[in-house]
Amino acid sequence: MKAADVLEARGVLVSSSRRRRDQDSANVGKGRCMGIKQPSCMPAWYSKASGAMARGRGRGRWLLPTRLLNVCLAALCRGGSLALAESMLVDAIRLGLPPDAVTYNTLLAAHCRAAGLEAGIAVMGRMREAGVEPDTVTYNSLIAGASRRGLPIHALDLFDEMLRAGIAPDSWSYNALMHCLFRSGHPEDAYRVFADMAEKGIAPCGTTYNTLLDGMLRAGYAMNAYRMFRYLQRAGLPVGIVTYNTMISGLCRSGKVGYARMVLRELGRTDHAPNVVTYTAVMKCCFRYGRFQQGLDTFLSLLDKGCISDVFPYCTVISALVKKGRMEEANTYSDLMLKNGSRLDSVCYNMLIHMRCQEGKLDDAFELVSMMEDGGLESDEYTFAILVNGLCKMGHIEAAEKHLCYMEMRGMQSNVVAYNCLVDALCKLQEVDAAIRLLQCMKLKDDFTYTSLVHGLCRVGRYHMASKFLRICLHEGNNVLASAKRAVIDGLRSSGFKNDLRKVQVALNMAKLLRP
DNA sequence: TTAGGGTTAG
């Protein structure tokens with residue numbers, strides 16, 4: 001696969017794909033239920049369906065019972081009752097009912113969604129053990145699983161494995177692979193996959209174009225995406241509500257609010273009805289660009305119409321209210337969200353944990369973390385950053401440090417935000433030497449890291465050191481806020497550090513010239 | 001398989 005070669009040449013691919021495949025194979029067949037607890041009760045239709053399957057066996061008719069089994073399994077998986085679905089499969093096998101590719105593909109997709117790619121690969125192993133060969137749908141679900149977890153190398157390996165096994169990829173396979181490459185920051189490789197698709201004679205579908213538009217918008221090519229959107233319209237290619245929503249939210253995210261407004265107005269003139277996704281994107285755009293009341297009104301009208309079916313609009317509005325410090329309203333809407341009975345995911349929990357931290361209710365925040373983990377959701381880098389920040393803000397520096405260590409132990413990929421929170425807290429406590437030691441431990445530093453440190457050093461009058469870190473920061477291709485630059489320049493000037501002042505001015509001019 | 005939600009500096 002060409003895209004894999006390109007990634008490998010760039011050093012993006014790790015050469016351990018073979019080793020990982022071996023690990024995957026070793027995991028195959030292990031842990032049938034992947035740690036999911038056995039349910040305590042079963043729905044009434046479960047026993048009826050089991051009975052129907054048994055009767056089907058008695059008459060020697062296999063087709064209907066297997067289809068019935070698949071329909072029941074799909075319903076259980078959709079409802080998040082994976083353990084029940086597994087029990088049903090065990091019962092079916094015990095009755096001598098043969099599961100087919102659809103049975104395993106249904107379970108595989110659900111496991112992939114709930115527990116990740118490894119869990120999906122384990123189902124594929126069980127599938128093979130049962131003598132059912134994986135097909136295109138099996139691999140498509142696995143590639144989508146890799147995409148959800150941001151694993152482009154796994155996705156490419158799976159695509160490659162599929163080709164070697166003689167299983168023909170379809171447009172879904174290409175779409176999932178493209179989406180994974182775009183979302184993990186490899187737009188050029190994603191375009192190559194699109195070109196490969198055309199070369200192989202696989203016709204792009206609406207999802208293909210939507211994925212391309214979304215990828216272009218996220219990669220910073222907003223105007224190219226806009227031109228492509230217009231081309232799709234002119235050429236009579238599929239342009240639906242997902243396309244409009246992709247364009248509206250992507251253009252807002254890119255700061256092209258005028259263009260987003262134009263597309264939104266245009267949507268109103270089409271036959272496609274704006275939906276809750278459209279309004280959530282509009283709300284987010286209002287909050288981002290200072291139209292707070294308009295965003296809130298949009299939310300209230302959604303609430304009035306009773307068309308909020310999940311947690312997305314709630315999370316958007318609660319987060320905006322917390323940022324404004326309007327905690328009472330934030331609490332009102334979070335109570336409403338919980339009362340609504342919508343399933344909370346980790347993003348939602350993180351938002352609620354952040355809200356409790358902002359209120360200084362750390363015990364409640366940690367209680368939410370326990371609830372989240374008891375419910376089978378894992379803390380991620382957002383959870384840790386929120387907790388570290390909350391602990392710092394309440395003055396629990398040692399506890400924040402412990403959390404950072406735990407994060408390191410867990411091998412979390414991105415911990416720069418959590419580190420930044422602690423650097424900032426130490427600087428605000430005027431413990432700048434401790435902040436410098438911490439910064440030296442950081443594998444990755446960004447604009448936030450240096451802004452906090454430079455400000456902290458200026459605050460305690462250490463302008464020479466501040467100018468040194470400012471130059472290191474610029475040399476590394478990072479930047480600091482204008483206020484931090486001003487603090488250094490004013491400090492050097494008032495302290496008479498003429499040489500440092502000259503060096504900083506040269507470094508700032510150089511950085512300006514080199515910046516794209 | 002695709003669209004909307006979460007954390008840090010001033």
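Because the structure is predicted, anything quoted here is derived from the model rather than measured. Protein chains get the first letters and strands the later ones, always in sequence-line order, with residue 1 at the start of each.
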Pairs where residues 279-305 of chain A contributes a residue and the test salt bridge (Lys or Arg N to Asp or Glu O under 4.0 Å) is met, not counting sequence neighbours: none
Within 6.0 angstrom of R113(A) CZ, more than 12 heavy atoms from elsewhere: no
Sugar-phosphate only, base, or nothing, as touched by C348(A) at under 4.0 Å among non-hydrogen atoms: base
L368(A) backbone acceptor or donor facing R356(A) side chain under 3.5 Å: no
Residue list, ring-ring contact (aromatic ring centres under 6.0 Å, His included) with Y450(A), at least two apart or on another chain: none
Side-chain donor/acceptor contact of D447(A) with base of dA9(B) under 3.5 Å: no
Positions of residues 235-252 of chain A (non-hydrogen atom under 4.0 Å from DNA chain B), listed by number: V242(A), N245(A), T246(A), S249(A)
Sugar-phosphate only, base, or nothing, as touched by R356(A) at under 4.0 Å among non-hydrogen atoms: nothing
Sugar-phosphate only, base, or nothing, as touched by N389(A) at under 4.0 Å among non-hydrogen atoms: sugar-phosphate
Within residues 261-273 of chain A, residues whose heavy atoms come under 4.0 Å of DNA chain B: none
Qualifying residues under ring-ring contact (aromatic ring centres under 6.0 Å, His included), relative to F287(A), sequence neighbours excluded: F292(A)
Test ring-ring contact (aromatic ring centres under 6.0 Å, His included) applied to Y333(A) - qualifying residues, sequence neighbours left out: F299(A)
Touch class at under 4.0 angstrom, heavy-atom based, for K323(A) against every strand present: sugar-phosphate
Proximal nucleotide (of dT8(B), dA9(B), dG4(B)) relative to the T451(A) side chain: dA9(B)
Pairwise side chain to side chain donor-acceptor pair (under 3.5 Å) hits with a residue in residues 263-274 of chain A, at least two apart: R230(A)-E266(A), Q233(A)-E266(A)
Salt bridge (Lys or Arg N to Asp or Glu O under 4.0 Å) evaluation trace for K361(A) with E367(A): CA-CA 10 Å; K361(A) 296 176 179 169; E367(A) 178 73 21; over 6 Å; no
Sugar-phosphate only, base, or nothing, as touched by R253(A) at under 4.0 Å among non-hydrogen atoms: sugar-phosphate
Touch class at under 4.0 angstrom, heavy-atom based, for I386(A) against every strand present: sugar-phosphate
Side chain D310(A) and base dG4(B) donor-acceptor under 3.5 Å: yes
Electrostatic pair E118(A):R149(A) at N-O distance under 4.0 angstrom: no
Note: D424(A)-K428(A) ion pair, threshold 4.0 Å (strictly below): yes
With N105(A), the side chain to side chain contact (heavy atoms under 4.5 Å, CB included) member among V123(A), N70(A), T138(A), T136(A): T138(A)
Sugar-phosphate, base or nothing in reach of V388(A), heavy atoms under 4.0 Å: nothing
Contacting residues from residues 421-443 of chain A, given that a heavy atom lies under 4.0 angstrom of DNA chain B: C421(A), D424(A), K428(A)
Y259(A): partners by ring-ring contact (aromatic ring centres under 6.0 Å, His included), with sequence neighbours left out: Y226(A)
Contacts of type side-chain hydrogen bond (donor to acceptor under 3.5 Å, both in side chains), residue Y104(A), not counting sequence neighbours: none
Per R218(A) side chain, nearest of listed nucleotides dT7(B), dA3(B), dA9(B): dA3(B)
dG5(B) base / D345(A) side chain donor-acceptor hit below 3.5 Å: yes
Of residues 313-321 of chain A, the positions that come close to DNA chain B - non-hydrogen atoms, cut-off under 4.0 Å: P313(A), C315(A), T316(A), S319(A)
Name the atoms and distances for all side-chain donor-acceptor pairs under 3.5 Å in residues 203-214 of chain A, with sequence neighbours left out.
unit_1  : atom_1 : unit_2  : atom_2 : d
T208(A) : OG1    : N175(A) : OD1    : 2.8
T208(A) : OG1    : C205(A) : N      : 2.9
T208(A) : OG1    : C205(A) : O      : 3.4
N210(A) : OD1    : T243(A) : OG1    : 2.8
N210(A) : ND2    : G206(A) : O      : 3.4
T211(A) : OG1    : T207(A) : O      : 2.6
D214(A) : OD1    : R218(A) : NE     : 3.2
D214(A) : OD2    : R183(A) : NE     : 3.4
D214(A) : OD2    : R183(A) : NH2    : 3.2
D214(A) : OD2    : R218(A) : NE     : 3.1

